[in-house]
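Okay, structure first, notes after.
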Amino acid sequence: LPAPVLLSAVFADDGSYLAIAFDSNTDRGGTATQFTCSVLLSFPCAATSRCVWASSKQVNAHVSRASNCARVGSTVSLVSSATVKAQCQASPCDTSQWLPASVASRLTVTAPLSATAPSVAVSAPSTIGECDNLVLDLSTSSGNGGRAWTSRNITVETSISVIVTGLQAFLNFEYQESPPTPIPAALLQKGAAYNFVVRLCNFLGKCSQGSRRVLVLQQTIPTVTLPGSALRTMQRSAALVLGSDAFVLACGRLPVRTG
């Protein structure tokens with residue numbers, strides 16, 4: 001039988017694994033159903049990734065989540081010691097004279113046609129007091145494929161009478177996603193309404209955006225937040241569990257908190 005040929009290397013729609021396919025059934029190169037990817041394959045982080053044969057034609061690589069690991073545009077090949085031959089159609093059969101798949105063949109990893117787009121959740125109170133710092137929490141956003149977001153952009157919109165230069169600079173250069181960096185009250189104008197628009201992109205090239213409107217009052221009020229997305233989907237039989245965080249902050253004093 002002719003030697004198998006590496007055919008494609010495509011990420012799953014949600015980015016959870018990399019599907020590497022041959023053009024025909026193989027003998028799996030003598031590997032077990034599950035194995036360390038570097039035994040058979042070469043790609044960034046193969047030594048720390050787990051491979052599983054989904055069939056005799058396809059092996060799924062569960063790639064490590066580090067930022068330097070295989071991504072769209074990376075190269076996949078067989079290691080030089082790999083001996084992957086066609087699968088026997090009868091038993092017994094002698095494959096000693098069959099040629100193995102070429103270890104010189106190279107594939108470029110591609111994105112799926114229907115990649116999952118991020119779901120952006122911006123958690124923040126709808127109103128805050130005049131002395132309150134503002135926390136924009138993006139931690140319940142999903143769809144990153146188990147990796148860091150490749151792009152995160154936060155823009156602030158408000159009325160033309162409010163200057164947001166300092167606030168936008170803080171969001172661009174000082175804000176950290178985890179844990180979220182509080183926006184100082186000094187950057188927020190009393191009586192102003194701000195709309196924060198968050199755009200997130202995953203490593204598969206898909207992007208989505210979400211927003212949160214926050215009003216800064218001209219008085220001190222209790223701050224209450226319910227972490228998570230404003231819209232939640234669940235099974236009817238499942239229990240709905242909501243967390244909360246509430247505190248009162250007087251100007252120049254430590255917050256009094258309850259949860």
Side-chain angles (χ1 to χ4, degrees), residues 1-119 141-151 178 200-208:
L1 291 177
V5 176
L6 280 173
L7 188 64
S8 62
V10 185
F11 273 106
D13 288 350
D14 62 358
S16 59
Y17 62 86
L18 175 62
I20 301 167
F22 292 84
D23 69 340
S24 59
N25 288 333
T26 73
D27 64 357
R28 305 188 178 190
T31 60
T33 301
Q34 297 188 34
F35 59 96
T36 301
C37 293
S38 59
V39 171
L40 197 65
L41 298 162
S42 174
F43 57 81
C45 298
T48 54
S49 301
R50 178 175 59 90
C51 278
V52 180
W53 285 99
S55 69
S56 294
K57 292 176 63 174
Q58 178 177 313
V59 58
N60 293 338
H62 296 268
V63 182
S64 297
R65 298 182 177 183
S67 59
N68 61 333
C69 293
R71 58 178 57 248
V72 175
S74 296
T75 298
V76 175
S77 65
L78 294 172
V79 297
S80 59
S81 59
T83 305
V84 180
K85 297 183 177 182
Q87 184 182 56
C88 282
Q89 302 300 312
S91 181
C93 67
D94 181 9
T95 65
S96 59
Q97 301 303 312
W98 294 4
L99 294 175
S102 171
V103 297
S105 178
R106 300 285 188 273
L107 294 177
T108 299
V109 177
T110 60
L113 295 177
S114 302
T116 301
S119 175
S141 299
S142 59
N144 60 359
R147 303 195 191 187
W149 299 110
T150 56
S151 174
S178 182
L200 299 176
C201 298
N202 61 29
F203 78 102
L204 298 175
K206 287 291 185 176
C207 302
S208 298

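All values reported here derive from a predicted model rather than from experimental measurement.
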- Those residues at least two apart in sequence (or on a different chain) that pass side chain to side chain donor-acceptor pair (under 3.5 Å) with S56 are Q87

- Message: For the CG atom of L200 and the OG atom of S151, what is their distance to the nearest 0.5 Å?
- Response: 8.0 Å

- Message: Give me each pair satisfying ring-ring contact (aromatic ring centres under 6.0 Å, His included) with a member in residues 55-89, each pair once, sequence neighbours excluded.
- Response: Y17-H62

- Message: Can you pull out every disulfide (SG to SG under 2.5 Å) where at least one residue sits in residues 63-92? Sequence neighbours excluded, please.
- Response: C45-C69, C88-C93

- Item | A3: partners by side chain to side chain contact (heavy atoms under 4.5 Å, CB included), with sequence neighbours left out | L99

- First locate atom CD1 of I20, then atom CG of L41, and finally report the distance between them rounded to the nearest 0.5 Å. 4.5 Å

- Are any of the side-chain heavy atoms of V52 and V59 separated by less than 4.5 Å? no

- Message: Within the supplied structure, the quantity of interest is the number of heavy atoms (other residues, nucleotides, ligands) at a distance under 6.0 Å from R147 CZ; does it exceed 12?
- Response: yes

- Contacts of type side chain to side chain donor-acceptor pair (under 3.5 Å), residue D27, not counting sequence neighbours: none

- Would you list the pairs meeting side chain to side chain donor-acceptor pair (under 3.5 Å) in which at least one residue belongs to residues 74-86, sequence neighbours left out? none

- State, yes or no, whether a side-chain contact exists between F43 and S38 at a heavy-atom distance under 4.5 Å. no

- Message: If the condition is side chain to side chain donor-acceptor pair (under 3.5 Å), which residues does S16 pass it with, not counting sequence neighbours?
- Response: D14

- With A21, which residues qualify under side chain to side chain contact (heavy atoms under 4.5 Å, CB included), at least two apart? S8

- Any luck finding a side-chain donor-acceptor pair between W53 and T31 under 3.5 Å? yes

- Note on the structure: Contacts of F11 meeting ring pair (Phe, Tyr, Trp, His ring centres under 6.0 Å) (sequence neighbours excluded), chain-then-number -> F203

- Message: Checking S142 now: which residues fulfil side chain to side chain contact (heavy atoms under 4.5 Å, CB included) with it, not counting sequence neighbours?
- Response: S119

- side chain to side chain donor-acceptor pair (under 3.5 Å) contacts touching residues 96-114 (sequence neighbours left out): D94-S96

- Task: For K57, enumerate each residue passing the side chain to side chain contact (heavy atoms under 4.5 Å, CB included) test, keeping only those at least two apart in sequence or located in another chain.
- Result: N25, S55

